[in-house]
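The next block holds one structure in the form of structure tokens; read it before the comments.
All values reported here derive from a predicted model rather than from experimental measurement. First the proteins, then the strands, lettered A, B, ... as listed; each starts at 1.
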Number of protein chains: 2
Amino acid sequence: MLSKKCKYAIHALVHMGKRPTEQFVVKDISEACNIPRKFLESILLELKRAGMLGSKQGKGGGYFLRRTPPEINLADVVRLFDGAIAAVPCASFKFYESCDECEDEDVCAVRDAFLQLRNATVEMLKADTLESLLKKEAILRTKKKR
Amino acid sequence: MLSKKCKYAIHALVHMGKRPTEQFVVKDISEACNIPRKFLESILLELKRAGMLGSKQGKGGGYFLRRTPPEINLADVVRLFDGAIAAVPCASFKFYESCDECEDEDVCAVRDAFLQLRNATVEMLKADTLESLLKKEAILRTKKKR
DNA sequence: TTTATTGTCTATAAACTAAATAGACTTTAT
DNA sequence: ATAAAGTCTATTTAGTTTATAGACAATAAA
């Protein structure tokens, strides 16, 4: 399961992706996405530190996307907030740690299975960009109307 | 990430799958897989309650597989110990819960993305049976020797 | 230059969960 | 009777997640 923080981050980003050149104040996003305001503040700050968002302080300020919608993908967001995508530390690339349960990692079928799952997952999450998500939402909307 | 409990359970099952008709005492599995003994006890008990293992009490007792290696798959084990396979409650079938961040679930692209990920994950984990894992391990072993 | 607005930062509370351990009890073969 | 094994309940410990409070800094506009 993703943390709420990560899920909130994704929804906030998707919301901003709808008008990718505009600036948003925390309150707007908080209300649009039903995310506790103070909690959202820290999330946006983290996204800013990671280079996905920019901000402008003071009156008339707010947050805005630093990258275009095709450049922001869920794999990056998930890694930022929840760390490893792999289900098991020994199957992670960016957050690798050896396990104690098998004698020889190179020959551990459990690890192999979770490596494959990790690879498939990363591919899918990388393909989920703000752009592709918003396109999909449009498709779902028209499908529902018919 | 899987809980350690779940990872331990998987390794214990794979270990038992190597001699699928034999009985194992907790200590043997604990030492073979480097799993804290008392912790493993509660895990095996849970696997028993779920019908995957049987047990015999008293001297000469132990745990044994209740199903054949092709009948035990990782999807079931993960669900038993960690609950939902989906990354987000609104994308889970067996542990569904609605989220608050979108107005209309039917049209939420975030949910859609995680539904697809869930489906792919479940398929992969279902294909990972004790049998297939042990076969894979044999293959990895011969590959390494060459 | 004051004021209102908005982001930044630090600290901390509250709730929950994971991981592990302890110990008493029960069952069974010998 | 005894030793070996699983069963069950409780509890500890530590860590994480989720959320909030409040002081501070920056900026635009009146």
Side-chain angles (χ1 to χ4, degrees), chain A residues 1-12 16 22-31 33-50 52-66 78 80-84 87-89 95 97 99-101, chain B residues 1-12 16 22-31 33-50 52-66 78 80-84 87-89 95 97 99-101:
Chain A
M1 277 278 173
L2 295 185
S3 65
K4 284 203 179 187
K5 205 167 184 179
C6 185
K7 191 175 55 152
Y8 288 161
I10 292 168
H11 280 284
M16 294 174 80
E22 269 181 41
Q23 242 182 211
F24 298 80
V25 301
V26 178
K27 203 185 166 211
D28 289 349
I29 304 173
S30 159
E31 284 171 4
C33 301
N34 281 302
I35 301 170
R37 190 159 149 271
K38 271 292 184 181
F39 199 14
L40 181 59
E41 273 182 13
S42 67
I43 291 167
L44 296 177
L45 220 41
E46 215 163 329
L47 287 168
K48 188 198 166 187
R49 293 201 186 101
M52 296 191 208
L53 297 184
S55 67
K56 204 187 146 190
Q57 272 185 317
K59 196 170 178 179
Y63 285 96
F64 52 89
L65 294 180
R66 259 264 157 79
V78 170
L80 178 63
F81 289 97
D82 290 1
V88 137
F95 299 85
E97 273 179 77
C99 296
D100 290 330
E101 297 86 50
Chain B
M1 279 279 173
L2 295 185
S3 65
K4 285 205 178 184
K5 205 168 182 178
C6 186
K7 191 175 56 151
Y8 288 162
I10 291 168
H11 280 284
M16 294 175 80
E22 268 181 44
Q23 243 182 209
F24 298 81
V25 301
V26 177
K27 202 186 166 210
D28 289 348
I29 304 173
S30 160
E31 283 171 5
C33 301
N34 281 301
I35 301 169
R37 188 158 151 270
K38 271 293 187 180
F39 199 14
L40 180 58
E41 274 181 14
S42 68
I43 292 166
L44 296 177
L45 218 42
E46 215 163 328
L47 287 167
K48 188 198 164 185
R49 291 201 186 102
M52 296 191 208
L53 297 183
S55 67
K56 203 188 146 190
Q57 270 186 315
K59 197 170 180 180
Y63 284 96
F64 52 89
L65 295 180
R66 257 265 157 76
V78 170
L80 178 61
F81 289 97
D82 290 1
V88 136
F95 299 84
E97 272 178 76
C99 297
D100 290 330
E101 296 87 48

Would you mind listing every salt bridge (Lys or Arg N to Asp or Glu O under 4.0 Å) that reaches into residues 56-66 of chain B, with sequence neighbours excluded? none
For B:Lys5, which residues count as a salt bridge (charged side-chain N to carboxylate O under 4.0 Å, His left out) partner, sequence neighbours excluded? B:Glu46
Distance check needed: C:dG7 P versus A:Asp28 CG, whole Å only. 9 Å
A:Tyr8 near the nucleic acid: base, sugar-phosphate alone, or nothing, with a heavy-atom cut-off under 4.0 Å? sugar-phosphate
Holding to side-chain hydrogen bond (donor to acceptor under 3.5 Å, both in side chains), I want the full list of residues that pass it with A:Ser3, two or more places apart in sequence or in another chain. A:Asp82
Can you check the A:Asp100 CG to C:dA20 C1' distance for me, whole Å? 15 Å
Please report the distance, rounded to the nearest Å, between CD in A:Glu46 and C1' in C:dG7. 16 Å
What is the bend of the helix from C:dT1-D:dA30 to C:dT30-D:dA1 when you compare the axis at one end with the axis at the other, using five pairs each and rounding to 10°? 0°
Can you find a pair of side-chain heavy atoms, one from A:Leu45 and one from A:Arg49, that are under 4.5 Å apart? yes
Run the side-chain hydrogen bond (donor to acceptor under 3.5 Å, both in side chains) test against B:Glu22 and tell me which residues pass, sequence neighbours left out. B:Arg19
Output all residues satisfying ring pair (Phe, Tyr, Trp, His ring centres under 6.0 Å) with B:Phe95, sequence neighbours left out; order by chain, then residue number. none
Between the protein and nucleotides 9-17 of chain C, which nitrogen or oxygen pairs come in under 3.5 angstrom?
unit_1: C:dC9; atom_1: OP2; unit_2: A:Arg49; atom_2: NH2; d: 3.0

May I have the distance from B:Asn34 (atom CG) to C:dA19 (atom P), rounded to whole angstrom? 16 Å
Ring pair (Phe, Tyr, Trp, His ring centres under 6.0 Å) against A:Tyr63, all qualifying residues, sequence neighbours excluded: none
How does each nucleotide of nucleotides 25-30 of chain C score, in 5' to 3' order, for protein heavy atoms under 4.0 Å: base (B), sugar-phosphate only (S), or none (-)? -BBBB-
For atom CG of A:Leu40 and atom P of C:dT8, their distance in whole Å: 12 Å
With sequence neighbours left out, write down each residue that passes salt bridge (charged side-chain N to carboxylate O under 4.0 Å, His left out) with A:Lys38, or none if nothing qualifies. A:Glu41
Sidechain-backbone polar pair: A:Asp100 side chain, B:Asn34 backbone, donor-acceptor under 3.5 Å: no
When all nucleic acid strands are considered with a 4.0 Å heavy-atom cut-off, which category describes A:Phe24: base, sugar-phosphate, or nothing? sugar-phosphate
Does some side-chain heavy atom of A:Ile29 sit less than 4.5 Å from a side-chain heavy atom of A:Tyr8? no
Which residues pass the side chain to side chain contact (heavy atoms under 4.5 Å, CB included) test with A:Ala87, sequence neighbours left out? A:Phe114, B:Leu2
DNA chain D: 5'-proximal contact among B:Lys48 and A:Phe81 (nearest heavy atom): B:Lys48
Is a donor on one side and an acceptor on the other found under 3.5 Å between the side chain of B:Gln23 and the backbone of B:Gly61? yes
Reckon B:Lys27 touches a base, only the sugar-phosphate, or nothing at all at heavy-atom distances under 4.0 Å? nothing
In the 5' to 3' direction, the nucleotides of DNA chain D bounding the stretch that comes under 4.0 Å of a heavy atom in chain A are D:dT18 to D:dA28
Whether A:Ser30 side chain and A:Ile35 backbone form a donor-acceptor pair below 3.5 Å: yes
Measure the shortest side-chain to side-chain distance between A:Val88 and B:Ile10 over non-hydrogen atoms and say whether it is less than 4.5 angstrom. no
